[in-house]
Amino acid sequence: MDELVSLTYRSRVRLADPVADIVQIMRASRVRNLRLGITGILLYNGVHFVQTIEGQRSACDELFRLIAADPRHQEILAFDLEPITARRFPDWSMRIVSRKELRALAPDLERLDLSGPEDVAQLHRTIAARLSKGDADASG
């Protein structure tokens, strides 16, 4: 059996109709991720996606290849791939965190550039820790 991993990346968003496109992304992701055994979160700030996916290494690799080929993602930067012993988001086939939720969870978000992996990693650690503790509405 593959090892369990967590993969995090940032991409610049390219959406024709942000609301409709995100709804479509979430619907498709939840079905596909259940099939692949993937869990995770998707942060959206209006410019970037920052996503963490968790699952077997082969499933995460397959999903990341699909994401990299998706024209809605540009300037993709994978910055964290690590083996894990347990999932941080075991109940979410995909949970989106909106701009409004991001501001509530990370009030200093405006000061973060999100162009470098350090800012992305800092934001992600903050949000992931707060969400995995149940500090936000956990629908998804």
Which heavy atom of [X] sits nearest to which heavy atom of [Y], and what is that distance?
X: Phe49; Y: Val13; result: N-CG2, 3.5 Å
X: Pro83; Y: Glu3; result: CB-OE1, 3.5 Å
X: Phe89; Y: Thr39; result: O-CB, 3.1 Å
X: Leu63; Y: Asn33; result: CD2-OD1, 3.6 Å

Could you tell me which residues satisfy salt bridge (charged side-chain N to carboxylate O under 4.0 Å, His left out) with Arg27, sequence neighbours excluded, listed by chain and number?
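Applying salt bridge (charged side-chain N to carboxylate O under 4.0 Å, His left out) to Arg27 gives none.
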What distance separates [X] [atom1] from [Y] [atom2], expressed to the nearest 0.5 Å?
X: Ile53; Y: Ser6; atom1: CD1; atom2: OG; answer: 8.5 Å
X: Ile76; Y: Phe64; atom1: CD1; atom2: CZ; answer: 5.5 Å
X: Tyr9; Y: Asp80; atom1: OH; atom2: CG; answer: 14.0 Å

Heavy-atom donor-acceptor pair, Glu54 side chain to Arg88 backbone, under 3.5 Å:
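It does hold such a pair.
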I'd like to know if Asp61 and Arg57 make a salt bridge, using a cut-off of under 4.0 Å between side-chain N and carboxylate O.
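Salt bridge: yes.
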The test is side-chain contact (heavy atoms from CB on, under 4.5 Å); show your working for Ile41 and Gln51 and say whether it passes.
CA-CA 6 Å; Ile41 60 170; Gln51 183 173 29; over 6 Å; no
I'd like to check the side-chain hydrogen bond (donor to acceptor under 3.5 Å, both in side chains) partners of Gln24; sequence neighbours left out, ordered by chain and number.
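Partners of Gln24 by the side-chain hydrogen bond (donor to acceptor under 3.5 Å, both in side chains) criterion, ordered by chain and then number, come out as Arg72.
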